A.B. asks: 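Got a structure for you, questions after.
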Amino acid sequence: MDLDLRKLRYFVAVAEQRHFGRAAEQLYITQPVLSRQVRAFEQELGCTLLVRTTRSVELTAAGKQLREEAQGILAAVAAAVQRVHDVDHSVQRLVVAFSPGLHVSDAIRAFALRHPHVETGVVPARWWEQDAPLRDGRAQVGYLRRPFDDSGLHTIPIGHEPRVACMPAAHSLACGGELTSADLADVRMLDTPTRRTSSLEEKFELIASGHGIALVPLSVARSYSRPDLAHLPVTDIPGIETCLVAVADRRETLLRDFLEIATTTLRHT
């Protein structure tokens, strides 16, 4: 079957808002039209995506899967349209993906000085599929943390980042200066997500609410710093390797220049 992108966007709006009325307002269409379009989409797919009640909308297992798939599909389509427009208008563009907490601004500024006529942009790499922006064409290069699927990718290790234990500021362990893995043996850890679509914001809300402790990269902990959370170094766990990554068969001059500039920038920081 052909996937109707318009109906897919309608479904995503409802899935994000969990409410047909709010989704219809966001899409600038009426609620009855939206409801009919989503039902037609379910019929075309042959599965139920949403469970409707008088007050809310919940996703079925199929709906959760489609919402996850849709994010990549719609992003890839938007990237493809952008590339077509760039070719039509003779625009050169370089987009950099980055994992949360990793900073790419120094390399982008240095690249822009050498290539002032090249448009540059960034796209976040979601932690459960960091390589996706490179594979679907949204980005040409990425700053990523292991683990990720490196098959077909040219990977340049650029450093190791320590992990810290993030916990509620009122936790009994938060008053110490540093921890070992033995200190964490009897606490609930949130490092293995229960839902692939869990965001870092959700994880930190769970931690702050007392649902457990998580080991996170130091830069992530600093980026999401808040007064009700504390993070402490754990002295006997390995750090996380950070990498500069590009698709292996890409040989564009701009990409090679960025990789050179990025690695040179790192050596001088």
Side-chain angles (χ1 to χ4, degrees), residues 16 18 59 64 67-68 71 96-109 122-133 139 142-150 155-245 262 265-269:
E16 291 177 346
R18 295 292 204 277
L59 298 176
K64 291 177 182 178
R67 182 191 179 190
E68 180 182 321
Q71 292 174 325
V96 183
F98 65 98
S99 295
L102 297 182
H103 298 289
V104 303
S105 55
D106 288 344
I108 290 178
R109 283 195 296 267
V122 296
V123 58
R126 300 181 296 184
W127 58 265
W128 66 90
E129 51 173 13
Q130 297 181 75
D131 55 308
Y143 284 69
L144 309 181
R145 292 188 188 90
R146 292 197 183 277
F148 57 87
D149 178 10
D150 59 4
T155 302
I156 305 171
I158 56 176
H160 282 80
E161 183 176 8
R163 288 185 293 172
V164 296
C166 185
M167 64 193 70
H171 197 281
S172 59
L173 292 175
C175 59
E178 59 184 28
L179 303 172
T180 67
S181 55
D183 295 319
L184 304 175
D186 297 323
V187 300
R188 184 184 179 191
M189 302 300 294
L190 299 178
D191 296 304
T192 301
T194 57
R195 295 184 297 132
R196 288 184 61 193
T197 53
S198 293
S199 67
L200 286 169
E201 290 84 358
E202 289 174 310
K203 174 176 280 191
F204 286 120
E205 283 299 327
L206 288 173
I207 296 169
S209 301
H211 286 80
I213 290 175
L215 295 174
V216 299
L218 176 59
S219 63
V220 173
R222 287 174 172 169
S223 296
Y224 288 84
S225 177
R226 42 191 282 181
D228 55 352
L229 292 178
H231 59 266
L232 281 76
V234 185
T235 59
D236 59 347
I237 61 170
I240 299 177
E241 186 176 52
T242 56
C243 303
L244 193 59
V245 185
T265 301
L266 288 165
R267 286 196 296 268
H268 289 87
T269 56

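Because the structure is predicted, anything quoted here is derived from the model rather than measured.
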A.B. asks: Name the residue from Gln130, Glu241, Glu161 that meets the side chain to side chain donor-acceptor pair (under 3.5 Å) definition with Arg145.
C.D. replies: Glu161

A.B. asks: Going from CZ on Phe204 to NE2 on His231, what distance comes out if it is rounded to the nearest 0.5 angstrom?
C.D. replies: 9.5 Å

A.B. asks: Working to the nearest 0.5 Å, report the span between CG of Asp106 and OG1 of Thr265.
C.D. replies: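 Nearest 0.5 Å value for the CG-OG1 distance: 6.5 Å.
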
A.B. asks: For Cys166 and Ile207, work out which heavy atoms get closest and say how close.
C.D. replies: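 For Cys166 versus Ile207, the nearest heavy atoms are O-CG2, 3.7 Å.
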
A.B. asks: Any sub-3.5 Å donor-acceptor pair from His103's side-chain atoms to Ser105's backbone N or O?
C.D. replies: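 No, the answer is negative, given that no donor and acceptor are paired below the 3.5 Å cut-off.
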
A.B. asks: Think Arg146 forms a cation-pi with Phe148, using NZ or CZ under 6.0 Å from the six-ring centre and within 45 degrees of its axis?
C.D. replies: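 The answer is yes; both the distance and angle limits are met.
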
A.B. asks: State, to 0.1 Å, how close Ser223 and Gly101 come at their nearest heavy-atom pair, and which atoms those are.
C.D. replies: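 In this case the closest contact between Ser223 and Gly101 is OG-CA, 3.7 Å.
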
A.B. asks: Apply the test side-chain hydrogen bond (donor to acceptor under 3.5 Å, both in side chains) to residues Thr180 and Asp236: give CA-CA distance (whole Å), side-chain angles for both, the deciding distance (0.1 Å), then the verdict.
C.D. replies: CA-CA 6 Å; Thr180 67; Asp236 59 347; 4.7 Å; no

A.B. asks: Looking at every non-hydrogen atom in both residues, tell me the closest pair between Pro100 and Ser219 and how far apart they are.
C.D. replies: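 Minimum heavy-atom separation between Pro100 and Ser219: O-OG, 4.4 Å.
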
A.B. asks: Applying side chain to side chain contact (heavy atoms under 4.5 Å, CB included), run through Val122 and Tyr143 and close with a yes or a no.
C.D. replies: CA-CA 11 Å; Val122 296; Tyr143 284 69; over 6 Å; no

A.B. asks: Any chance you could measure Asp149, atom CG, to Leu144, atom CG, to the nearest 0.5 Å?
C.D. replies: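 CG of Leu144 is found 11.0 Å from CG of Asp149.
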
A.B. asks: Go through it in stages, so that I can follow the logic: the residues are Arg67 and Leu59, the test is side chain to side chain contact (heavy atoms under 4.5 Å, CB included), and I'd like the CA-CA distance, side-chain angles, deciding distance and then a yes or no.
C.D. replies: CA-CA 9 Å; Arg67 182 191 179 190; Leu59 298 176; 4.0 Å; yes

A.B. asks: Could you grab the distance from atom OG1 of Thr235 to atom CG of Leu232, nearest 0.5 Å is fine?
C.D. replies: 11.0 Å

A.B. asks: Can you give me the closest heavy-atom contact between Ala174 and Pro168, atom names plus distance?
C.D. replies: CB-O, 3.8 Å

A.B. asks: Atom CG of Leu218 and atom CZ of Arg163: how far apart are they, to the nearest 0.5 Å?
C.D. replies: 12.5 Å

A.B. asks: I would like to know whether Leu190 and Ile213 meet side chain to side chain contact (heavy atoms under 4.5 Å, CB included); could you show each step before the answer?
C.D. replies: CA-CA 6 Å; Leu190 299 178; Ile213 290 175; over 6 Å; no

A.B. asks: Provide the closest heavy-atom pair for Pro233 versus Gly177 in the form atom of the first, atom of the second, distance.
C.D. replies: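 The answer is CD-O, 3.6 Å.
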
A.B. asks: Could you go through the side chain to side chain contact (heavy atoms under 4.5 Å, CB included) check for Leu184 and Leu179 one step at a time?
C.D. replies: CA-CA 8 Å; Leu184 304 175; Leu179 303 172; 4.0 Å; yes

A.B. asks: Hey, does Val164 have a side-chain heavy atom less than 4.5 Å from the side chain of Val234?
C.D. replies: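 The answer is no; the side chains never approach within 4.5 Å.
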
A.B. asks: How far apart are the closest heavy atoms of Arg226 and Asp228, and which atoms are they?
C.D. replies: NE-OD1, 2.7 Å

A.B. asks: Got a second to check how far His211's NE2 is from Glu202's CD, nearest 0.5 Å?
C.D. replies: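 Interatomic distance, His211 NE2 to Glu202 CD, rounded to 0.5 Å: 12.0 Å.
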
